[in-house]
Amino acid sequence: MSASLSNEQRHARIWAVIKRIPRGRVATYGQVAAEAGFVKQPRLTAQALRHAPDTLELPWYRVINAQGKLSFPLDSEAYRRARSQLEAEGVIFVRGKVDFEIYRWRPRSAAPVLD
DNA sequence: TGCTTGACCGACG
DNA sequence: ACGTCGGCCAAGC
């Protein structure tokens, strides 16, 4: 990816991807980063989320880690809010984990490859 | 400027 | 099913 991209631009691209995650689906930090053009940089997604203004009203709770779990302490307010939001959208947790086979967001490829 | 810290991830033991 | 380790890279101090 371009190295001359400002962090603000990076965050903006990541926020744009997060906004595309539909109700009742989830995406991993790594998936979001890759979708935004930053392969193998899941931490950029975490960072973009930390810096996201509330006014954006991002569906932050739809971004979970690659283990299918929420990246918050079980006893935290963030965990409770994210989990109840997801459950309200129909996402089922089994032993604290979400089943990617069912709930993973599968965006349509923007550039279909034909051979 | 250099070192530590993350809302992370995949490989390995 | 864990815990550890290295890779990753911007922020904060």
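Computed over heavy atoms, backbone and side chain alike; hydrogens, waters and symmetry mates excluded. Quick note on labels: first sequence line is chain A, next is B, and so on, each numbered from 1.
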Novice: Throw together a table of side-chain donor-acceptor distances under 3.5 angstrom for residues 65-75 of chain A, partners on residues two or more places apart or in other chains.
Specialist:
from, atom 1, to, atom 2, distance (Å)
A/N65, OD1, A/Q67, N, 2.9
A/N65, OD1, A/G68, N, 3.3
A/N65, OD1, A/K69, N, 3.1
A/N65, ND2, A/K69, O, 3.3
A/N65, ND2, A/S71, OG, 3.1

Novice: Between A/V91 and A/Y61, does the side-chain contact (heavy atoms from CB on, under 4.5 Å) criterion hold? Intermediate values first, please.
Specialist: CA-CA 11 Å; A/V91 176; A/Y61 50 84; over 6 Å; no
Novice: Can you measure A/L5 atom CG to C/dC9 atom P for me and round it to whole angstrom units?
Specialist: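 Checked: the CG to P distance equals 13 Å.
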Novice: Closer than 4.0 Å, any side-chain N/O of A/N7 to the OP1 or OP2 of C/dA11?
Specialist: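 True: A/N7 side-chain N/O within range (under 4.0 Å) of C/dA11 OP1/OP2.
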Novice: Roughly, in whole Å, what's the span from CH2 in A/W15 to P in B/dA7?
Specialist: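 Rounded to whole Å, this separation is 16 Å.
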Novice: Measure the distance from NZ on A/K69 to C1' on C/dC2 and round it to the nearest whole Å.
Specialist: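 It works out to 9 Å between those atoms.
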Novice: Just the rounded figure in Å: distance from P of B/dA7 to CG of A/L58.
Specialist: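 Taking CG of A/L58 and P of B/dA7, I get 16 Å after rounding.
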Novice: Judged by atom type as modelled, is there a donor-acceptor pair below 3.5 Å linking the side chain of A/W15 to the main-chain atoms of A/A48?
Specialist: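 Side chain of A/W15 to backbone of A/A48: a pair is present.
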Novice: Do A/F100 and A/I64 have side chains that approach each other closer than 4.5 Å (heavy atoms only, starting at C-beta)?
Specialist: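 Result yes, sub-4.5 Å side-chain heavy-atom pair found.
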Novice: List in numerical order all residues of residues 79-97 of chain A for which some heavy atom is under 4.0 Å away from an atom belonging to DNA chain B.
Specialist: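 The stretch gives none, as no residue of it lies under 4.0 Å from the strand.
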Novice: Rounded to the Å, how far apart are A/E8 CD and C/dC9 P?
Specialist: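 Whole-Å distance recorded here is 20 Å.
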Novice: Atom CD1 of A/I14 and atom P of B/dC8: how far apart are they, to the nearest Å?
Specialist: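 After rounding, the gap between these two atoms is 14 Å.
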Novice: Between A/H51 and A/R43, who's closer to the 5' end of DNA chain C by nearest nucleotide?
Specialist: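 Residue closer to the 5' terminus by nearest nucleotide: A/R43.
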Novice: What verdict does the side-chain contact (heavy atoms from CB on, under 4.5 Å) test give for A/T45 and A/F38, after you've listed the backbone C-alpha separation in whole Å, the side-chain angles of each residue and the deciding distance to 0.1 Å?
Specialist: CA-CA 9 Å; A/T45 300; A/F38 309 109; over 6 Å; no
Novice: C/dA11 phosphate, OP1 or OP2: any side-chain N/O from A/R50 under 4.0 angstrom?
Specialist: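 For A/R50, the contact criterion (side-chain N or O under 4.0 Å from OP1 or OP2 of C/dA11) is not met.
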Novice: Rounded off to whole Å, could you give me the CG-to-C1' distance for the A/L44 and C/dA10 pair?
Specialist: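 Roughly 7 Å, once rounded to whole Å.
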Novice: Kindly point out which of C/dA10, B/dC9, B/dC8 is positioned nearest to the side chain of A/S71?
Specialist: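 Among the listed nucleotides, the one closest to the side chain of A/S71 is B/dC8.
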Novice: Calculate the interatomic distance between A/R10 atom CZ and C/dC8 atom P; express it in whole Å.
Specialist: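 Spelled out: CZ on A/R10 to P on C/dC8 is 15 Å.
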Novice: Does atom CZ of A/R80 have more than 12 heavy-atom neighbours, drawn from other residues, nucleotides or ligands, at distances under 6.0 Å?
Specialist: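 Yes, CZ of A/R80 has more than 12 neighbouring heavy atoms, counting only those of other groups under 6.0 Å.
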Novice: Taking only side-chain nitrogens and oxygens of A/Q41, does any of them come within less than 4.0 Å of OP1 or OP2 of C/dC9?
Specialist: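 Indeed, a polar side-chain atom of A/Q41 lies that close.
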Novice: Atom NE2 in A/H51, atom CD in A/E8: separation rounded to 0.5 Å?
Specialist: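 Answer rounded to 0.5 Å: 11.5 Å.
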Novice: Using a cut-off of 4.0 Å on non-hydrogen atoms, how would the nucleic acid contact of A/T28 be classed: base, sugar-phosphate, or nothing?
Specialist: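 The residue A/T28 makes sugar-phosphate contact but no base contact.
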Novice: Using atom P of each nucleotide, how far apart are B/dT1 and C/dC8 to the nearest Å?
Specialist: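 Looking at atom P only, B/dT1 and C/dC8 are 22 Å apart.
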